[in-house]
Amino acid sequence: MFSRIMVANRGEIALRIIRACKEMGIETVAVFSEADRGASYLHLADDRICIGPGPSSESYLNIPRIIAAAEIADVQAIHPGYGFLAENAHFAEVCRDCKIEFIGPSVESMRALGDKITAKRLAKKAQVPTTPDSDGAVETVDDAVTIANKIGYPVAIKAAAGGGGRGIRFAHNEVSLRGMFKQAQTEAEIAFGDGRLYMEKCIENFRHIEVQVLGDQHGNVVHLFERECSVQRRRQKVIEESPSPGLSPELRSRICDSAVRLAKEVGYYSAGTVEFMLDQDGQFYFLEVNTRIQVEHPVTEEVVGQDLLKWQLRVAAGEHLDIKQEDIVARGHAIECRINAEDPEHNFRPSPGAIDVFVPAGGPGVRWDSHIYQGYAIPPTYDSLIGKLIVHRPTRGEAIATARRALGEFILHPTKTTIPLCKEILAHQKFLKGEWNTTYIEREMLGDKAR
Amino acid sequence: MFSRIMVANRGEIALRIIRACKEMGIETVAVFSEADRGASYLHLADDRICIGPGPSSESYLNIPRIIAAAEIADVQAIHPGYGFLAENAHFAEVCRDCKIEFIGPSVESMRALGDKITAKRLAKKAQVPTTPDSDGAVETVDDAVTIANKIGYPVAIKAAAGGGGRGIRFAHNEVSLRGMFKQAQTEAEIAFGDGRLYMEKCIENFRHIEVQVLGDQHGNVVHLFERECSVQRRRQKVIEESPSPGLSPELRSRICDSAVRLAKEVGYYSAGTVEFMLDQDGQFYFLEVNTRIQVEHPVTEEVVGQDLLKWQLRVAAGEHLDIKQEDIVARGHAIECRINAEDPEHNFRPSPGAIDVFVPAGGPGVRWDSHIYQGYAIPPTYDSLIGKLIVHRPTRGEAIATARRALGEFILHPTKTTIPLCKEILAHQKFLKGEWNTTYIEREMLGDKAR
Amino acid sequence: MDIKDIKQIVKMMMENDLGEVEIALGENRVHLKRCSQGGVPSGVPAAQFAPVQMIPAATAAATAAATAAAASEPAAEAKSNLIEIKSPMVGTFYTSPSPDSEPFTAVGAQVGDDSVVCIVEAMKVMNEIKAECSGVIREICVKNAQPVEYGQVLFRVQPA
Amino acid sequence: MDIKDIKQIVKMMMENDLGEVEIALGENRVHLKRCSQGGVPSGVPAAQFAPVQMIPAATAAATAAATAAAASEPAAEAKSNLIEIKSPMVGTFYTSPSPDSEPFTAVGAQVGDDSVVCIVEAMKVMNEIKAECSGVIREICVKNAQPVEYGQVLFRVQPA
């Protein structure tokens, strides 16, 4: 096992990694930007190194600075967290070249799964259901029209290098397809440095189901069941839960097995997530693979009683996955509410600045993963996630009751957060019935006030 | 189910009851003394009523005031928490007379088990192993000497009306027995209004094992496994855990079955705890029954995934215990650390007053049950317990690591607490090996500085 | 060394943010220590009162009893020249000995130490409450048959 | 020793960022201690600095890099008349171009905008750091071959 690693991230996920390491007796070195100087979680690390000014490009996204810090700090491995460099295969490769272990999957699987065209081909090869598509990049607008006529409208046009809901457009007929194709190509070129587009049949009003997988470097792969993440606003997840209220045991088993097949196909190791769309007829289709630990990983941890961060560390150190699929048993129901510093009354604009008063929720069934505290100042520079409330209870009904009770306990001033939005969702009839899809927040709840 | 109940307690257990009720959709009315005015947890109740000045005798222990408050608040039931009136059979009887449900066992079982002589006779009847004893009250000092010669020294002289470690003396020979008998009688008369004493063989250096039982009003009783509470200072528990590292599966099953037999013998319902002494030869003996929810109940809740407070409410409302013994499965290992506002550097004297800075621990495996927050002033009037850190992890080793990690995260200023003591215990070789008994804190750790 | 010198030392401490000063000049000894380690400025830091202050907004559904109690607190400050008669127990407030009889007192009425001003019923017992002060009733703060909690202000009296 | 002397001592403390001073001259004793390790300025509410302030005690094992950085912060306030040359990157600080050569500069030496004052090595690249100011080097804040973080003060320069 490692004796000293670097945490190349910030905020709650940096704290999550530090906590896992502390419990395993591994020393941690945290890097930080000037915008994060003085944050309390940095003092829980054994060491901390300032790597640059606030903007990510000069700190958390800056590979030379992070590698230089790793060298002076003399660490054996780097944990990238999520976001920033977590899915950057080039960074993983630089780490490898510098003889620093990258805590995540191999460079090769990151590359293969990071490219949406290759990923989909691998899914097909692993006999994972996929939507009808262009089978590779689409070069011209006429090709696009021909393919669309074959697979049927509506179609989704996606950037091959996109992901996480970015770089997607939808066309409902030929006119709109012709209208947006060229622009999509240009935008993909600008946003991802790769103008390749592919097309697939668009699944409308789908539920977002994802399967947590875990593999070691010796060919073992298991799944840790699914999470349902259909509560999204502008394709950003707001509430996640496990198990999904929309899966029969038979469907659950098919979808989880699909995920394991794909992971094995690419020789995947570390923690990863295979995302699926579940349509209204109960058919599921491959969406994409996230080759990192995810924000919502605690939902799975609670239900299966495993620590995913610790597994990432063990696997990266070459240890065997010493749990078998049959030993992984789901118990109860877990829900995560993302608490973002955003103002729901003003179209979810960020609400950074000092937190003058803060009392978190607590008590039975409640886990609070957060780096904030009374007196903390939320920097305006980064993602607005300030904490994750996770509840775990014997049944879904009890988990919802606990989540509502806990959300009601938070005292936070003057920061505006998504707490009221989460409360509203948890009281919504469609959510209570477990009938929800990725379009409901905009369609059913926000109305005119915040689309 | 009740629609509105009164919480006749304060601090963390009042908050615990309010949380359970909120999750069940039950309205709560909290009572408070002037010393607790303004505390944050009171605002989580639907209503709050001041019942008197700070001293317990004029507020939380004052039956007429609490009943009067229950009447004006129009509640159906009263939850007494722990301490104060929780084991007062007279209070339970007044509630019954006023047609207010007492959330706890029947008046009759409280009476029978509250008297230590009757309780022990019931234990014998239920074939629960007991220590050799006087078999009833001891009237004179000569009787005491005769009995001591029969059962052998050392002997424990206990007040029949005592409990929770109070009203106990030990005699190692006839001289000391004769010396303390009369005084013990007088003290019991003063402390409990009942001078009856009984004597039993003293088990030295025992481990404290207790079994959580749960019964309904229809004759069903189950156990929820054991807790080990051997880490004590002056007979007050400091750290509790479940399962006990000192029980074989066979011994666990015998001790748990004993507890259920005794509960059935008295027609026990609600949550209760049967306490045992486990000697160094692996023999266990009945100690006493606590007819209330206990401070350390969360340890059991985490391991079995059940909510004991909710069960108390359901059972009091007449519902059936709809879980069978075989459905109660222990998973992982839980540890509770009691955080008291006491100064370990000054013989654990109380450390009341304003908390200027407070950041609690959080993250995976951590539950924090507490009513305190930054800016809260700890009243000097009551018990020094300010919070309970509960951790739950797959193994004992991991639970210890998580507890240590979490204890290290607390920031609390200027209040002095038992956090350093807990850290020291969790790093002690004897504790790590699971070899600990009720005398170790004084003998092995505190040395001269704080006996 | 005299008071002036000490004043100078204190001034110096404040200006230079010194926490502790110990000086022995000949047989003169001075030991000065500032209140808090951090040199917290005068004025209560936000942290100390804010949670309590914020909560009422979150729990607007407070009942009559609680609201009345809360409301009585700020009022108390504003009317500090008046004497308050507070309830010595939890119970139900009655202005008269029985439903059809006259009230014990009224706004403008004179009261003395032993004047019964109301009844608080607790557990079926009618407890007569005495003024325990003398003066003129200026305000009756609770309505007839309303629940009251311990310490709740029942009357305000202009001292004689 | 008199008040004037003590004033001088205090001035010296502030200028040189001393935390605590204890002096015994004959039978005169002076013991001075500054408020907080970090020299927290008055006006900051307790909540804002306290967690950070408290933590150092718990994590005494901070490394050279981190400790140096922490120490540089209060110093910055006290010596506002000096210009600081800060490290523009994370890396290893070298005073000279190679182990056997002369250092680029020294305390008391004149520097100009383009004077190379040291090297910071990051990822095997030797980055020459220029003074970007002109004046006289008053302090070299980092030892040769010591790791430095972004923004860490390397030199203090008395402006020309």
Side-chain angles (χ1 to χ4, degrees), chain A residues 12 15-16 18-25 40-41 43-44 297-298 301-302 304-310 323 329 331-332 357-376 387-388 390-394 397-406 408-409 411, chain B residues 12 15-16 18-25 40-41 43-44 297-298 301-302 304-310 323 329 331-332 357-376 387-388 390-394 397-406 408-409 411:
Chain A
E12 79 85 17
L15 175 55
R16 174 72 188 87
I18 293 167
R19 282 171 168 160
C21 289
K22 272 192 132 54
E23 294 182 17
M24 295 174 83
S40 177
Y41 69 89
H43 294 277
L44 292 171
H297 75 275
E301 291 187 325
E302 292 305 309
V304 300
Q306 295 287 334
D307 189 310
L308 287 167
L309 259 293
K310 289 185 185 170
I323 38 166
V329 181
R331 178 156 117 168
V357 184
F358 177 56
V359 181
V366 171
R367 166 175 167 186
W368 173 237
D369 273 32
S370 169
H371 60 295
I372 72 166
Y373 49 90
Q374 187 161 314
Y376 176 73
K388 306 183 307 199
I390 304 106
V391 298
H392 182 216
R393 285 301 207 177
E398 289 169 274
I400 292 172
T402 300
R404 290 170 63 172
R405 184 273 290 170
E409 287 180 11
I411 303 178
Chain B
E12 79 85 17
L15 176 56
R16 175 72 187 86
I18 293 166
R19 283 172 166 160
C21 290
K22 273 193 131 54
E23 294 182 17
M24 295 174 84
S40 174
Y41 69 89
H43 294 278
L44 292 171
H297 75 274
E301 291 187 325
E302 293 304 310
V304 300
Q306 295 287 333
D307 189 309
L308 288 166
L309 259 293
K310 289 185 185 170
I323 39 167
V329 181
R331 177 157 115 169
V357 183
F358 177 56
V359 181
V366 170
R367 166 175 167 184
W368 174 236
D369 274 31
S370 169
H371 60 295
I372 71 165
Y373 48 90
Q374 185 160 315
Y376 176 73
K388 306 184 308 200
I390 304 106
V391 298
H392 182 214
R393 285 302 207 176
E398 289 168 275
I400 293 172
T402 300
R404 291 170 63 174
R405 184 270 292 170
E409 286 181 11
I411 303 178

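In what follows, every chain begins at residue 1, and chains take the letters A, B, ... in the order their sequences are listed.
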Once rounded to the nearest 0.5 Å, what's the spacing between atom OH of Y373(B) and atom CD of Q374(A)?
11.0 Å
Enter the distance from H43(B):NE2 to I411(A):CD1 here, rounded to the nearest 0.5 Å.
9.0 Å
Answer key: most heavy-atom pairs under 4.5 Å with chain B among A20(A), P364(A), P394(A) is P364(A)
Contact origin within P298(B) toward chain A - heavy atom pairs under 4.5 Å
neither
Tell me, for R19(A) versus chain B, whether the close heavy atoms (under 4.5 Å) come from the side chain, the backbone, both or neither.
both
Under 4.5 Å, counting heavy-atom pairs only, tell me which of H392(B), E398(B), K310(B) racks up the most with chain A.
K310(B)
Is it the backbone or the side chain of R331(B) that comes under 4.5 Å from a heavy atom of chain A, or both, or neither?
both
I need the S40(A) OG to E409(B) CD distance, nearest 0.5 Å.
8.5 Å
Would you please name every residue forming a salt bridge (Lys or Arg N to Asp or Glu O under 4.0 Å) with K388(A), sequence neighbours left out?
E12(A)
Chain A contact via V391(B) - side chain, backbone, both or neither, heavy atoms under 4.5 Å:
neither
Which one, G362(B), A401(B), S370(B), leads in non-hydrogen pairs under 4.5 Å with chain A?
G362(B)
Between E23(B) and R393(A), is the closest basic N to carboxylate O distance under 4.0 Å?
yes
